[in-house]
2 protein chains.
Amino acid sequence: MNLYVCLLHESTNSIPKLIQHANANNYNVVATSINANMVPLDPYETDPTYPGTLLNAVDWNSKMIFLLSDVDVDSPNPKLREHAKQILLRDVAWAEHLQNVGSMMKRLRGPKIDNLAEIVRAKTKGNWFIQVPISNPEIGSFEHRKDVTDAEIAEAEAKDPWTWWNSLRFAVKHNSKVKVVIELNDLNRPSKETVRRWLGEPIEAIIIPSSLFIRNKANYYVLQKQWQIVIGHFLSARANIIISANPNDLSISQYADYLRKLASDHNDSHILNSYENVLEIPLQPLFDNLDSYTYEVFESDPVKYKIYQNAVKAALIDRVSDIDAPNKLTVVMLLGGGRGPLARAIFNAAELTKRQVRLYIIEKNPNAIRTLSHMVDTLWEDKDVHIFSKDMRDFSPPEQADILVSELLGSFGDNELSPECLDGALKLLKTDGISIPYKSTSYINPIMSAVLHQNVSQMDTIVPAFDYGYVSLLKNVYHIDNPQALFEFSHPNREATIDNTRCKEISFTVQKDCVLHGIGGYFDTMLYKDIHLSINPLTHTPGMFSWFPMFFPTHPRTLKEGQTISVKFWRCVDADKVWYEWQVSTREVWEHHNAGGSGYHMRL
Amino acid sequence: MNLYVCLLHESTNSIPKLIQHANANNYNVVATSINANMVPLDPYETDPTYPGTLLNAVDWNSKMIFLLSDVDVDSPNPKLREHAKQILLRDVAWAEHLQNVGSMMKRLRGPKIDNLAEIVRAKTKGNWFIQVPISNPEIGSFEHRKDVTDAEIAEAEAKDPWTWWNSLRFAVKHNSKVKVVIELNDLNRPSKETVRRWLGEPIEAIIIPSSLFIRNKANYYVLQKQWQIVIGHFLSARANIIISANPNDLSISQYADYLRKLASDHNDSHILNSYENVLEIPLQPLFDNLDSYTYEVFESDPVKYKIYQNAVKAALIDRVSDIDAPNKLTVVMLLGGGRGPLARAIFNAAELTKRQVRLYIIEKNPNAIRTLSHMVDTLWEDKDVHIFSKDMRDFSPPEQADILVSELLGSFGDNELSPECLDGALKLLKTDGISIPYKSTSYINPIMSAVLHQNVSQMDTIVPAFDYGYVSLLKNVYHIDNPQALFEFSHPNREATIDNTRCKEISFTVQKDCVLHGIGGYFDTMLYKDIHLSINPLTHTPGMFSWFPMFFPTHPRTLKEGQTISVKFWRCVDADKVWYEWQVSTREVWEHHNAGGSGYHMRL
């Protein structure tokens with residue numbers, strides 16, 4: 001995932017010189033017409049223009065984006081259409097000849113895409129970059145007007161370039177070699193929601209015209225704050241940079257340097273960024289034993305164990321008064337000790353509050369027990385600590401606990417079976433004992449993410465991938481609506497008959513025309529009183545990275561702004577397993593009568 | 001494919017210190033017992049010995065090969081067997097806990113491998129390195145004795161460690177995560193054929209005991225010439241280096257440096273080495289248009305066009321005497337001009353011989369025509385050269401040729417359809433005209449290559465991969481017997497009815513117990529008189545790299561030394577396509593009577 005900065009200029013009389021000039025000005029790649037010529041450009045040239053030996057194969061592949069002729073292969077005029085096809089096919093053949101893994105870019109010209117899609121589908125090598133204006137300027141202006149008619153909106157929406165792209169994407173069957181390149185325009189600053197929606201698409205790059213740059217007081221070329229924000233969103237989503245400029249512009253290196261700096265400011269380079277948009281099968285720590293690597297990742301979270309420590313501190317203080325502190329023993333049971341991070345947090349809490357604690361650590365993974373035992377021998381020799389190599393559901397304790405502490409929560413809260421585990425551990429707890437955490441809640445929302453969809457589809461050849469839920473660091477994603485609470489579990493659960501099955505349906509409102517690719521899953525958990533952890537995007541605990549969201553895929557379907565979609569989730573339990581089922585439905589509203597009481601109404 | 005040099009020492013009281021010491025002496029990796037302990041080693045220790053936090057996850061994966069306990073899980077004694085299983089399973093669980101993509105090594109102890117295979121199959125993460133002595137020392141000694149009985153040989157062969165490995169490999173279903181580590185021994189220098197056979201196996205590394213090193217006159221530690229050759233073979237096949245030595249040996253860095261130097265001497269680092277053991281679908285230049293990258297690879301061959309130039313030179317001199325040279329025109333037709341390398345060779349030949357040449361270049365790829373036309377305009381303005389953008393089979397020439405020059409040969413000679421193309425071009429040739437090349441012959445031999453087999457199997461989930469032939473740079477391969485000639489094609493073919501179908505069966509003798517994984521394919525071609533090109537391993541044109549061998553896969557089957565196997569090939573032709581079929585058969589000899597006339601015979 002190395003960012004490139006590309007210089008776009010339609011014509012040149014020498015590709016090698018253009019590349020040399022671009023390289024000298026801090027651009028890695030150039031984008032220029034495939035019909036760039038030794039003589040002045042003529043896109044209708046049919047004779048040879050330059051030889052394939054002009055560059056070597058590596059350079060053709062790595063230093064060039066070919067701009068294909070801007071012809072309309074879907075023109076209503078049959079003569080123009082056939083001529084356009086002929087030219088485009090010639091361009092494609094030449095590009096495929098020069099590049100075997102390279103890239104070519106074609107501008108989308110309007111809502112009709114059938115013939116273009118056919119040509120795109122037929123290309124077998126390299127990538128298609130589909131160049132699309134970020135929005136229809138007309139729609140942008142509607143956002144500030146209240147007098148727009150439905151007909152005007154419908155007409156303008158037909159011109160929404162996202163809709164063109166969406167048609168093409170469906171027509172080429174979501175092919176992962178077809179990516180979108182977003183063209184910015186200084187006359188048309190897009191709305192927030194427009195930008196956000198593009199982030200759910202497979203973005204290759206953004207095109208930034210040099211006219212977007214203004215001089216600051218120090219006479220340097222910079223971008224206005226608002227454009228910095230727009231472009232920053234794309235850079236955060238790992239879009240590459242294409243600067244459209246005249247190569248003779250003396251400031252082109254300034255543009256490149258400025259944008260590289262902006263990109264590095266928006267590059268959240270945490271240690272786990274190789275997981276972006278990757279689909280992982282969720283861990284099953286109850287069934288499988290975790291390995292050292294997994295423990296290490298969790299242990300390195302800078303925030304989680306601090307917050308746990310705070311929760312245990314608060315609980316110790318509430319349960320034992322300062323006066324009783326020297327004498328009254330609090331029995332803490334740690335359910336799932338791993339390689340010791342929570343035990344450390346509990347010992348810290350005891351020390352900081354000066355409370356007496358006896359700690360039982362129950363851990364079912366015999367490999368983790370090796371490390372824990374070593375810690376007892378070397379680090380915790382003076383502590384009142386006892387290790388049991390057991391499944392907590394089968395553990396008979398020497399005494400009952402005041403506090404159960406556990407971190408059995410998966411990305412979707414209950415998906416690592418914390419309800420089942422903690423219910424099974426109820427017998428370990430005194431009748432007035434408490435559980436940290438005492439509640440966990442899952443959240444869902446509909447999302448668009450073309451990249452995640454492509455990843456699911458790839459797996460679908462091997463497993464029924466649309467029936468799996470995944471853990472994924474969501475990067476290229478558009479939140480179609482905000483998350484809402486789904487299932488809730490409380491601990492300890494002292495009900496006579498415990499039922500951990502659940503079923504709930506939630507409605508969401510589509511904020512903008514888009515495509516549903518799946519359901520995002522999150523959770524939050526209350527540790528003690530109001531001390532909590534959350535990976536719900538609306539309330540995410542700052543800095544905590546050890547849980548990624550979940551993704552439950554659906555087959556892609558285009559949604560319209562204002563539409564209501566309902567998502568229904570089941571948590572099912574049988575003797576052997578727990579699983580989720582999920583269902584999406586929409587309602588088509590036929591007629592809505594007397595809106596606002598504009599017809600029949602009763603006067604007060 | 002980065003070589004590593006590993007220090008092997010069974011026990012240590014501190015893994016981190018061993019790693020530090022090894023790194024300081026130019027080793028990247030250490031191999032030590034998984035039960036290495038903070039206290040002296042006890043392989044039957046069941047209590048924790050060291051914590052998982054001793055190294056971080058990256059180091060566990062990248063710096064350690066775990067030696068598993070040398071226990072016999074296939075012992076005939078049930079009590080010992082069960083105890084061994086328990087220990088090995090404990091070791092494996094701990095290794096899987098510490099490493100998620102790492103490596104563990106287990107010594108093969110004898111011909112019985114069923115229980116070990118079951119444990120190997122059950123492991124889901126990382127690699128198994130199976131440690132095997134290079135040969136049975138006893139068999140080595142047989143090679144110099146003539147009085148050995150069949151029973152003695154059979155008994156010794158049962159102890160051939162390759163046979164143990166072969167049983168295990170079949171039992172784990174040729175899993176690509178199971179690799180072999182060959183252990184050398186200063187008392188047992190293996191025969192050439194033994195070494196060659198191992199080269200067909202998935203070799204991870206060789207273990208070189210420090211006792212193999214001797215001091216030279218300058219007091220440096222070196223290897224004897226014979227060991228240099230043996231080890232050199234393994235290094236050429238990209239084996240890694242494991243040096244078994246006492247860490248306190250003051251010369252360990254000398255051993256590492258010496259072997260790194262030897263490895264770099266045996267590393268043929270040509271530009272195409274990323275293709276080693278890779279399977280490629282053969283090009284179909286008649287059906288598909290080649291791209292710039294492919295042309296560039298072919299054009300960069302340092303030898304091929306020089307030899308073509310020599311052939312054309314010799315032909316020109318033979319057809320036109322020195323006296324006629326200034327006036328007599330030789331018409332040369334180049335069938336398949338590509339981006340011009342053969343045209344250049346022909347012009348060079350004409351200049352060097354001072355013969356007058358008119359060159360027609362026929363090329364069906366319109367993209368290559370662009371480059372050729374550009375060359376005519378810029379490089380060959382003063383030449384008598386004419387380009388035709390045509391399929392040679394449909395070309396009506398303005399005049400007939402004295403010499404047809406073509407390079408339509410694939411790795412198997414006729415597999416790019418040169419017979420069909422050249423037959424179709426017969427009408428272009430004068431009745432006394434000649435073709436360069438005038439003959440091509442394909443060759444085959446049976447080969448063992450576990451790596452190629454694994455690669456074919458991986459593809460078999462997508463296509464019927466065992467019915468494809470592949471182009472592959474054969475690296476990890478054992479030639480079971482020498483190649484023999486298969487099909488021959490001569491040009492021009494002026495027979496009344498041309499039949500390009502072929503069928504032939506060839507017998508080969510197995511040189512040593514091994515596994516058949518497929519058939520290697522090669523060709524040679526006579527350009528003019530005795531000027532020729534060859535990729536037959538027995539006669540390979542030195543320095544020529546533009547053709548890799550072919551590989552026709554078969555399902556793995558163990559063969560015995562001395563056995564005869566027959567390989568039958570068909571070249572089939574119908575209206576649309578040409579294809580090969582291949583069949584392997586063995587004959588089981590039941591009884592052979594009166595060998596050497598030792599019984600009934602007639603005295604002279």
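Just so it is clear: chains get the letters A, B, ... in the order the sequence lines come, proteins before strands, and each one is counted from 1. Since the structure is predicted, the reported quantities are computational estimates derived from the model, not experimental observations.
A 4.5 Å side-chain heavy-atom check between B:Y308 and B:P341 finds every atom pair outside the cut-off. At a threshold of 4.5 Å between non-hydrogen side-chain atoms, the residues A:E280 and A:Y470 do not count as touching.
Salt-bridge check for A:D91 with A:K106: failed, with every basic side-chain N at 4.0 Å or more from each acidic carboxylate O.
Only the backbone of A:L290 has a heavy atom closer than 4.5 Å to any heavy atom of chain B. With a threshold of 4.5 angstrom between heavy atoms, A:N365 approaches chain B through side-chain atoms but not through N, CA, C or O.
Listed for the B:E363 side chain is a donor-acceptor partner under 3.5 Å among the backbone atoms of B:G337.
Test B:I34, B:T32, B:V92 against B:F66 for side chain to side chain contact (heavy atoms under 4.5 Å, CB included) and you get one pass: B:I34.
Residues of residues 94-104 of chain B having a heavy atom under 4.5 Å from any heavy atom of chain A, listed by number: B:W94, B:E96, B:H97, B:L98, B:N100.
Legend: residues meeting salt bridge (Lys or Arg N to Asp or Glu O under 4.0 Å) with A:E407, ordered by chain and number and at least two apart, are A:K304.
Counting heavy-atom pairs under 4.5 Å between each of B:Y295, B:W60, B:Y293 and chain A puts B:Y293 at the top.
Side-chain contact of B:D460 with B:S457: a donor-acceptor pair under 3.5 Å is absent, judged by distance alone.
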